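What follows is one structure encoded as structure tokens, with my remarks underneath.
Predicted model, so just to flag it, every value in this text is computed and none were measured. Hydrogens, waters and symmetry mates play no part in the numbers below; they use all other heavy atoms, side chains included.
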Amino acid sequence: MTRPPLPLHTTTRLLSHLQATRTYAATLWNTQLRELVRKGLFQQGLSLYRQMFRSGISPNAFTFPFVLKSCANLSLPVPGAQLHCHVVKTGCESEPFVQTALTSMYCKCCRTNDARTLFDENPESRRLTVCYNALIAGYVQNSLFSDGFAMFRAMRLAGMEVNAITMLGLIPGFVGPMYLGFGISVHCYNVKYGLDTDLAVGNCLLTMYVRCGSVELARKLFDDIPEKGLITWNAMISGYAQNGLATHVLDLYREMELSAISPDPTTFVGILSSCANIGAQNVGREVEQKIECGGFGFNPFLKNALINMYARCGNLVRARAIFDDMPEKNLVSWTVIIGGYGTHGQGDIAVELFDEMIGSGIQPDGAVFVSVLSACSHAGLTDKGLDYITAMEWNYGLQPGPEHYSCVVDLLGRAGRLKEAMELIESMTMKPDGAVWGALLGACKIHRNVELAELAFERVIELEPTNIGYYVLLSNIYSEAENLEGVLRIRVMMRERKLKKDPGYSYVEYRGRTHLFVAGSRSHAQTEEIYAMLNRLEDLVKKLDMPDKNDQERKMKDSLAGWECTVKSWRLHLHS
DNA sequence: ATAGGGTTAG
């Protein structure tokens, strides 16, 4: 029954055939792996690698870069380190592609030290630009800027070639106005690279200028780039949006529509955030159409941006509809909808939503507490707000920042609890910022406390000497207290400091047209009718302010409660 | 075939 042994030459042939098949098999696996990684299916990529390993197929130098990239993107240092062992076992460690992939993997997993060890232990990596590039980018992305710069210096001292990708890794490390002049020196490197990388460096510089606080320089560079790509447009639009220059954003968007580049979700995010800031709901609706047409309707970033836009424009019904329709709401979705209800005086709904969010198991962060706390203060839910600030620290282990303290000072202040507000400020562990003292000053205005107002004012202008709003606020407090000497003193102060109040203005959209109202101006064609309507509304609100006679009237008052502040702010804008 | 990089909501 035993088989005769095969002749030796057959065995060798079989073995070499098997070897060849195995190499071929590895190639097949690699191809599949590449496809998965290219599509961003990193999880699947990793399981394919595991399958490959179990099948006894030896991975090669072409395999590792793909798998390492998957680990990097999923931020999995443990499987990453395991792969490192496989690399050593299969003798691929000196392969430049594998080395850089390993370095990058360690950096993306926040293990810059391991990446550095790898670099130091492989003498040949000191001769590879790509290794320096990976390490520089890794340091910068982990905010280890000085290490990144040191690496760049070492690279130049070693006489290594610096290329565009070195710059792409290095430039994001330049944060702060002192680096603004750096753009020019980047151009001095005059490195040769393909047009697309050239453009990427431009995009990167543009973003750097914005982050260093100069949208002007960014715009100059933008205008200098002859063939702008999608990312160039996006970087400029986001730059304006992040600096609150909403009208610039909308102008640029119109310009972009005339160019050959079509917008993508990133573009729309910037546009929508600007629409939210200036209440441009008609542009927002237009963008929503474009999103649907472009097939981006399911992008969660865009859904959140849309909810925010509608909520801030006052269209809570539409905002809520999109919110309810979202299959997976994240923390930002909840934050924007809570903030939306809060800013429109519907604090009760905001609070309900916050509790619902907690109930659904979402871990809150500082930002969502800001939105729920400000909702409480706008709706007069003082005790509820105080409960939240306590819970924030004790139940969720979040350290309140100045932005939370200013909400609570506002909360206590509006309720007339000025003494407690003051005590809270004194108990703060960090230095109070302008908004904290500003909130106290605002509360002093409501409750006519001149003495405390003077103290708050003194503190707030130390921190924000050019914020004109605070001078106006104190001047109004003096004027209500008939302290003319005080009013005069503030006026002199403002003149000395050359502070001039820009006239207030607002936009009101009506039937698809945007109307501009400037304080004191009666230039609108329907000024007379508008004032007449405002007076009627104001009378109505005053009448409703009388003691309640019956339930019916109270209900009416409730339903109009939100209107009061709207009417008042309109009056402010229309009346000098 | 394979590495290193640019834009993103509150």
Starting at atom [atom1] of [X], determine the distance to atom [atom2] of [N], rounded to an integer number of angstrom.
X       : N      : atom1 : atom2 : result
M167(A) : dG6(B) : CE    : C1'   : 14 Å
N299(A) : dT7(B) : CG    : P     : 17 Å
L302(A) : dA9(B) : CG    : P     : 11 Å
L221(A) : dT7(B) : CG    : C1'   : 14 Å
N163(A) : dG5(B) : CG    : P     : 12 Å
R38(A)  : dT2(B) : CZ    : P     : 7 Å
I171(A) : dG4(B) : CD1   : P     : 18 Å
N277(A) : dA9(B) : CG    : P     : 12 Å

Side-chain donor/acceptor of D365(A) to base of dG10(B), under 3.5 Å: yes

Determine the contact category for [X]: base if any of its heavy atoms lies under 4.0 Å from a base atom, sugar-phosphate if only primed atoms, P, OP1 or OP2 are that close, otherwise nothing.
X       : value
A305(A) : nothing
K228(A) : nothing
F66(A)  : sugar-phosphate
E35(A)  : nothing
Q242(A) : sugar-phosphate
N308(A) : sugar-phosphate

Kindly state which residues belonging to [range] come within less than 4.0 angstrom of DNA chain B, counting heavy atoms of the residue only, listed by number.
range                       : result
residues 252-270 of chain A : T266(A), V269(A)
residues 74-101 of chain A  : F97(A), T100(A)
residues 312-339 of chain A : N330(A), L331(A), V332(A), T335(A), V336(A)

For the side chain of [X], starting at C-beta, report the closest nucleotide among [options].
X       : options                 : answer
C204(A) : dA9(B), dG4(B), dG6(B)  : dG6(B)
N203(A) : dG6(B), dG10(B), dA9(B) : dG6(B)
V130(A) : dG10(B), dG4(B), dT7(B) : dG4(B)

Review point. Donor-acceptor pair, D365(A) side chain versus A367(A) backbone, under 3.5 Å?
Key: yes

* Do any N or O atoms from the side chain of S55(A) and from the backbone of Q51(A) form a donor-acceptor pair under 3.5 angstrom? -> yes

Closest heavy-atom pair, H344(A) versus A311(A), reported as atoms and distance to 0.1 Å, is CE1-O, 2.9 Å

Contact summary for I136(A) and G148(A), nearest pair of heavy atoms:
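Shortest heavy-atom separation between I136(A) and G148(A) comes out as CG1-O, 4.0 Å.
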
Steps toward side chain to side chain donor-acceptor pair (under 3.5 Å) verdict (T27(A), N30(A)): CA-CA 5 Å; T27(A) 313; N30(A) 288 350; 5.4 Å; no

Inset, instruction - Ignoring backbone atoms, test whether T31(A) places a side-chain nitrogen or oxygen under 4.0 Å from the OP1 or OP2 oxygen of dA1(B). - result: no

- Item | K69(A) side-chain N/O to dA1(B) phosphate OP1/OP2 under 4.0 Å | no

Original post:
When you check the gap from the basic side-chain N to the acidic O, do E288(A) and R318(A) get nearer than 4.0 Å?
Top reply: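 Salt bridge flag = yes for R318(A) with E288(A).
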
When you check the gap from the basic side-chain N to the acidic O, do K220(A) and D224(A) get nearer than 4.0 Å? no

Note to self: Can you confirm if the aromatic rings of H86(A) and F64(A) lie within a centre distance of less than 6.0 Å?
What the structure shows: no

(Q) Please confirm whether the ring centroid of F369(A) lies under 6.0 Å from the ring centroid of F354(A). (A) yes

Practice item. Test Y341(A) against E352(A) for side chain to side chain donor-acceptor pair (under 3.5 Å), laying out the working first. Key: CA-CA 10 Å; Y341(A) 279 110; E352(A) 261 172 43; over 6 Å; no

Checklist line | Criterion salt bridge (Lys or Arg N to Asp or Glu O under 4.0 Å) on E121(A) and R126(A), from CA distance to verdict | finding: CA-CA 10 Å; E121(A) 284 175 357; R126(A) 299 186 167 276; over 6 Å; no

query: How far apart are the C-alpha atoms of Q289(A) and R285(A), what are their side-chain angles, what is the distance that settles it, and do they pass the side chain to side chain donor-acceptor pair (under 3.5 Å) test?
result: CA-CA 6 Å; Q289(A) 288 289 318; R285(A) 261 194 230 109; over 6 Å; no

Which residue in the set R111(A), H84(A), R116(A) passes side-chain hydrogen bond (donor to acceptor under 3.5 Å, both in side chains) when paired with Y106(A)?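 Checked R111(A), H84(A), R116(A) against Y106(A); only one passes side-chain hydrogen bond (donor to acceptor under 3.5 Å, both in side chains): H84(A).
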
